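Okay, structure first, notes after.
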Amino acid sequence: MMNTLNTEKTAEKPFRKTGNPVELTSESPLHPRRKSHRIMVGSVPVGGGAPISVQSMTNTLTANVPATLQQIAELTAAGCDIVRVAVPSQDDADALPEICRKSPVPIIADIHFQSKYVFQAIDAGCAAVRVNPGNIRKFNEVGPSICKAATDAGISLRIGVNAGSLDKELYAKYGGPTPEALVASALKEAHMFEDVGFHDFKISVKHHDVITMVETYRLLASKGDWPLHLGVTEAGPAWQGTIKSCLAFGALLAEGIGDTIRVSLSAPPVEEVKVGCKLLEYMGLRPRKFDIISCPSCGRAQVDVIQLASAVTEGLKDVTAPIRVAVMGCIVNGPGEAREADLGVASGNGKGQIFIKGKVIETVPEDQIVDTLLTKAQEIAAQMEADGLVPVNATGPVVVPIQHPNR
C-alpha cells in the first residue's frame with residue numbers, strides 16, 4: 001500500500017544554489033557518459049555525470065492541492081525523483097506555494113502561453129520551470145526577465161521543444177518537425193538564454209517517433225554540453241509507450257546520452273515511474289532492486305509457467321527488498337537459473353525444487369510451489385530489511401522473461 005502524505009507536515013528540503021558541484025556521479029557499464037555541465041533541480045543534480053533521475057507529471061488538477069499532493073506522494077513512493085505539475089490557469093498558479101512547501105520531491109512548473117505564470121512559479125518556490133519559448137507570447141521580450149528571476153531565486157529552467165509545437169518558421173524551413181528543425185529550435189532558444197548570461201537550464205527535444213527522437217538527441221548532443229532530458233512525447237498506451245520509450249532511451253543511454261528521463265504513457269503516472277526506474281536498473285544505471293525471472297512457456301514445460309509466474313508476481317507485489325526470484329518451468333535450464341537467483345524454483349514431474357542461494361533446500365508438490373516461494377521470499381526480504389539492505393524508494397517486482405539460445 002502506498003504511503004499517504006501528511007499534508008499538514010512541511011517537508012525539509014535543503015536549498016542548493018543551482019550549479020554547485022555535487023560529488024555524486026554515475027557511469028554506464030556500456031559507454032562513458034556524455035560530458036555535460038551540471039544544474040540543480042532543487043536538491044536533485046542533473047547532468048555533469050550525476051545519477052540519471054526519473055521524472056513524471058501529475059494528472060490531477062493542480063488547483064486541487066490535496067489530490068495533487070497525494071499523487072506526488074504515490075510517485076515518490078514508486079521512485080520518482082522530480083515531479084512536474086501543469087499550470088494552465090491562475091488557480092493552478094495560486095496552488096503552487098502550498099504544493100512546493102509540502103512536496104517531498106522537487107516540483108517543476110509546466111508553463112505554456114502565459115509568461116506571468118513563470119514568474120509566479122518562481123516566486124512560489126518551484127525547483128524549476130519548464131518553458132516552451134515557441135508558445136510563450138513575446139518570449140523575445142520576456143525571456144531575459146525570466147532568466148533574471150530564475151537566477152535571483154537560484155533555480156533552473158528547462159527548454160522544452162516538442163514536434164507538436166514547433167515554431168512555424170522552422171516548420172516551413174525544414175519541411176516539418178525533422179531532427180534538424182527541432183535542434184535548430186533548441187539552439188535558438190539556448191542561445192537566447194546564454195546571451196543574457198543564463199546557463200542553468202536543460203533541454204528536451206521530444207518527438208513521438210522513436211527513430212526521429214533518437215536522431216534528434218544525437219544531433220543536439222553533438223552541439224553543446226547542455227544537460228538533456230529524454231522523452232518520447234505522446235508515446236501512447238502503456239504497452240506501446242513502454243516499448244517506444246525503452247527502445248529510444250536504451251539506444252541513447254547505451255551511447256551515454258541523457259541526464260534525466262520521463263516515460264510518457266497514456267496510463268497512471270505511477271506506471272511511468274515504474275518503467276523508468278526499471279529501465280535504468282536494467283541498463284546498469286541504478287542499483288538492482290526486486291526482480292522476478294521467469295522462463296517463456298514452451299512444450300518442455302511440465303507446469304503452467306504463465307500461471308505460476310503471475311501468481312508469484314501478484315503475491316510479492318509489495319516486496320521491495322533487492323532479491324531475485326527465478327520461476328522456471330522445466331529441467332533443462334530451470335536448475336541453472338534457479339541456482340543463480342536468491343530464491344528460485346525448478347519445476348517438473350508434478351513437483352518443484354526450491355533453491356536458496358544456489359542450494360536445494362526442499363522439494364515440494366506442484367500445488368505448494370507458490371505458497372512456498374511466497375513464504376521464503378518474505379523471510380528473505382524481512383531479513384534484508386532488518387539488516388538495512390533495502391534501498392530507499394525501492395520498487396516492486398517486474399517479470400523478466402529469460403530466453404536461451406537453445407529455445
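All of these numbers come straight from a predicted model, not from anything done at the bench.
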More than 12 non-hydrogen atoms from neighbouring residues, nucleotides or ligands closer than 6.0 Å to CD1 on Ile211, yes or no?
no
Under 3.5 Å donor-acceptor, Thr242 side chain and Ala238 backbone:
yes
Any luck finding a side-chain donor-acceptor pair between Asp92 and Tyr117 under 3.5 Å?
no
Just wondering, are more than 12 heavy atoms of other shown residues or ligands nearer than 6.0 Å to CD in Glu180?
yes
Donor-acceptor pair, Thr60 side chain versus Thr62 backbone, under 3.5 Å?
no
Is the side chain of Asp167 donor-acceptor paired with the backbone N or O of Glu169 at a distance under 3.5 Å, no angle test?
yes
For a salt bridge (Lys or Arg N to Asp or Glu O under 4.0 Å) with Asp259, tell me which candidate from Arg38, Arg158, Arg33 qualifies.
Arg33
Qualifying residue for side chain to side chain donor-acceptor pair (under 3.5 Å) with Glu272, from Ser56, Ser245, Ser264:
Ser56
Do any N or O atoms from the side chain of Thr260 and from the backbone of His229 form a donor-acceptor pair under 3.5 angstrom?
no
Going by an N to O cut-off under 4.0 Å, is there a salt bridge joining Lys102 and Glu98?
yes
Using the side-chain hydrogen bond (donor to acceptor under 3.5 Å, both in side chains) rule, collect all pairs that involve residues 211-227, keeping only residues at least two apart or in two chains.
His37-Asp225, Glu194-Trp226, Asp209-Thr212, Arg218-Glu255
Backbone N/O of Val327 and side chain of Ser294: donor-acceptor pair under 3.5 Å:
no
Flag yes if more than 12 heavy atoms outside Glu27 fall under 6.0 Å of its CD atom; otherwise flag no.
yes
Closest heavy-atom contact between Ala127 and Val41?
CB-C, 3.8 Å
How far apart are the closest heavy atoms of Pro287 and Glu281, and which atoms are they?
O-CG, 3.4 Å
Where the side chain of Ser185 meets the backbone of Ala181, is there a donor-acceptor pair that is under 3.5 Å apart?
no
Given side chain to side chain donor-acceptor pair (under 3.5 Å), test Gln71 with Asn59 step by step and report yes or no.
CA-CA 8 Å; Gln71 192 167 83; Asn59 62 7; 2.8 Å; yes
Within the 3.5 Å criterion, strictly below it, is a donor on Gln70 or Glu74 matched to an acceptor on the partner's side chain?
yes
